[in-house]
Enquirer: 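Input: one structure, supplied below.
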Amino acid sequence: MHLSRGSRIALRAAMALGLAVIYVPLLLVLVNSFNSSRSFAWPPTGLSTRWWSAAWQETGLRQALYTSLKAGLGATTIALVLGTMAAFAATRYRFFGRQSVSFLLILPIALPGIVTGIALNAAFRTVLTPLGVGFGLFTVVVGHATFCIVVVFNNVSARLRRLAPSSEQASADLGAHTFQTFWYVTLPAVRSALFAGALLAFALSFDEIVVTTFTAGPGTQTLPLWIFDNLARPNQGPIVDVVAAALIVLSVLPVYLAQRLSGEALR
């Protein structure tokens with residue numbers, strides 16, 4: 001489609017404005033993490049790394065980081081297993097209610113987090129509490145897995161739709177049994193989709209706060225919960241900025257890798 005010079009300039013200006021709205025606040029957080037002033041004077045009166053050193057000495061912060069890593073790895077593992085199995089079932093087989101099952105699998109990612117959190121809280125109190133299972137890391141992992149499964153399911157389903165069943169059928173015709181066909185034919189074709197889905201699922205779990213608020217017990221604090229609890233404390237303000245800056249930098253990696261893997265698979 002041919003666009004006039006004025007239209008191209010307007011589109012570029014709109015794109016630049018949109019990117020500025022998204023990334024300028026993130027840039028301010030990065031700069032403030034090196035601000036030597038506790039009051040966040042702007043422009044910074046000086047640059048210092050003392051808040052980064054102070055953040056590393058925070059015992060509660062390190063424990064919250066460890067909890068978030070465990071929750072993210074647990075939710076990602078569950079999502080990989082269940083999401084992959086569901087993707088194979090919905091893509092490779094025909095059965096009554098297949099479209100409804102696919103819809104129900106995708107629905108959690110579209111629901112508001114507070115709705116999911118309230119529903120999980122009620123379900124855990126009704127089902128798990130009578131069994132003696134209280135709120136804690138386990139309930140956080142299960143809560144995160146409900147929406148992480150969607151990411152893996154979508155990635156693997158999309159890849160399987162592009163993988164012709166004839167290649168798997170040819171493997172079977174040549175004498176390979178089901179496991180050999182999966183290991184030598186199907187898995188190499190979906191490996192990058194699995195990796196991309198796992199990266200995105202971990203990223204979603206790592207920074208989740210709404211569902212975590214409703215599923216974590218009194219002694220369970222993830223990193224987003226730690227940030228939220230310390231955000232209103234004046235003495236902790238600079239350290240919160242350091243943690244936010246570190247998360248911004250670290251969050252780029254899984255998204256970048258997932259995008260590269262998805263892009264390479266489309267070539």
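Side-chain atoms are counted along with the backbone in the values below, which use heavy atoms only and exclude waters and symmetry mates.
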Enquirer: So, T67 side chain and Q63 main chain: donor-acceptor pair closer than 3.5 Å or not?
Expert: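 Yes, the answer is positive, given that a donor and an acceptor are paired below the 3.5 Å cut-off.
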
Enquirer: Decide yes or no on side-chain contact (heavy atoms from CB on, under 4.5 Å) for Y66 and K70, but give the supporting numbers first.
Expert: CA-CA 6 Å; Y66 183 51; K70 290 192 293 184; 3.7 Å; yes

Enquirer: Using modelled atom types only, decide if a donor and an acceptor are shared between the side chain of T139 and the backbone of G136 within a distance under 3.5 Å.
Expert: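 Yes, T139 side chain to G136 backbone: donor-acceptor pair under 3.5 Å.
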
Enquirer: Could you tell me if the side chain of T213 sits less than 4.5 Å from the side chain of F228, heavy atoms only?
Expert: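 In short, these two side chains do not touch, never coming nearer than 4.5 Å.
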
Enquirer: Take atom CZ of F96 as the centre, draw a 6.0 Å sphere, and report whether it contains more than 12 heavy atoms from other residues, nucleotides or ligands.
Expert: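 No - once you tally the heavy atoms of other residues, nucleotides and ligands closer than 6.0 Å, there are 12 at most.
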
Enquirer: Any heavy-atom pair between the side chains of L247 and I227 that's under 4.5 Å?
Expert: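 Yes. Closest side-chain heavy atoms under 4.5 Å.
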
Enquirer: Do you know which two heavy atoms are closest between A145 and A75, and how far apart they sit?
Expert: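 Closest approach of A145 to A75: N-CB, 3.9 Å.
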
Enquirer: Tell me which one of T222, T212, T76 satisfies side chain to side chain donor-acceptor pair (under 3.5 Å) with H144.
Expert: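 It is T212; the other options fail the test.
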
Enquirer: With rounding to the nearest 0.5 Å, note down the distance linking CG in L111 to CD1 in I118.
Expert: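 Atom-to-atom, L111:CG and I118:CD1 are 11.5 Å apart.
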
Enquirer: Kindly work out whether a path of hydrophobic side-chain contacts (I/L/V/M/F/W/Y, heavy atoms less than 4.5 Å apart) joins F138 to L120.
Expert: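 Linked within one cluster.
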
Enquirer: Heavy atoms only: give me the nearest A64-W226 pair and the separation to one decimal.
Expert: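 A64 and W226 have their closest heavy atoms at CB-CB, 3.8 Å.
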
Enquirer: Could you tell me whether the side chain of L69 reaches within less than 4.5 Å of the side chain of F206, counting heavy atoms only?
Expert: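 Yes. Closest side-chain heavy atoms under 4.5 Å.
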
Enquirer: Return yes when atom CG of L104 has more than 12 non-hydrogen atoms of other residues, nucleotides or ligands closer than 6.0 Å, and no otherwise.
Expert: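 More than 12 heavy atoms, drawn from other residues, nucleotides or ligands, come within 6.0 Å of this atom.
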
Enquirer: Check the hydrophobic clustering (I, L, V, M, F, W, Y; side-chain heavy atoms under 4.5 Å; chains of links allowed) and say if V150 and I114 are grouped together.
Expert: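 No: no chain of side-chain contacts under 4.5 Å links V150 to I114.
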
Enquirer: Between atom CD1 of I149 and atom CG of N154, what is the distance when rounded to the nearest 0.5 Å?
Expert: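 One gets 12.0 Å once the value is rounded to the nearest 0.5 Å.
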
Enquirer: Please round to the nearest 0.5 Å and tell me the distance separating atom OG of S157 and atom CD1 of I106.
Expert: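 Here the interatomic distance stands at 7.5 Å.
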
Enquirer: Please report the shortest heavy-atom distance between L80 and T84, naming the atom on each side.
Expert: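 Closest pair (atom of L80, atom of T84, distance): O-OG1, 2.5 Å.
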
Enquirer: Quick check: closest heavy atoms across V152 and A201, and the distance to 0.1 Å?
Expert: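 The answer is CG2-CB, 4.5 Å.
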
Enquirer: Atom CZ of F135 and atom OG1 of T220: how far apart are they, to the nearest 0.5 Å?
Expert: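 If I round to the nearest 0.5 Å, the distance is 11.0 Å.
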
Enquirer: Testing the basics here: between A87 and T91, what is the closest heavy-atom pair and its distance to 0.1 Å?
Expert: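 Of all heavy-atom pairs spanning A87 and T91, the closest is O-OG1, 2.7 Å.
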
Enquirer: Answer yes if F95 and F153 sit in the same cluster of Ile, Leu, Val, Met, Phe, Trp and Tyr residues linked by side chain heavy atoms under 4.5 Å apart, and no otherwise.
Expert: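 Yes; F153 is reachable from F95 via cluster members.
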
Enquirer: Sub-3.5 Å donor-acceptor pair from the side chain of R92 to the main-chain atoms of L160, do we have one?
Expert: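 Indeed, once roles are kept as given, a pair shorter than 3.5 Å links the two residues.
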
Enquirer: Which atom pair, heavy atoms only, marks the closest approach of P108 to T146?
Expert: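 So the two residues come closest at CB-O, 3.5 Å.
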
Enquirer: With rounding to the nearest 0.5 Å, note down the distance linking CG in L107 to OG in S100.
Expert: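 These two atoms lie 12.0 Å from each other.
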
Enquirer: For side-chain contact (heavy atoms from CB on, under 4.5 Å), just list the numbers for N155 and L200, CA-CA rounded to whole Å, side-chain angles, deciding distance to a tenth of an Å, and then say yes or no.
Expert: CA-CA 10 Å; N155 275 272; L200 292 175; 4.3 Å; yes

Enquirer: With the 4.5 Å side-chain cut-off for hydrophobic clustering, are F147 and V140 part of the same group?
Expert: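 Different hydrophobic clusters.
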
Enquirer: Could you check whether any side-chain heavy atom of V243 comes within less than 4.5 Å of a side-chain heavy atom of L223, counting everything from C-beta outward?
Expert: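 They are in side-chain contact.
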
Enquirer: Group every Ile, Leu, Val, Met, Phe, Trp and Tyr by side-chain heavy-atom contacts under 4.5 Å, then state whether V210 and L225 land in the same group.
Expert: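 Linked within one cluster.
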
Enquirer: Distance alone, cut at 3.5 Å: any donor-acceptor contact between the side chains of N121 and R125?
Expert: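 R125 and N121 do have a side-chain donor-acceptor pair below 3.5 Å.
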
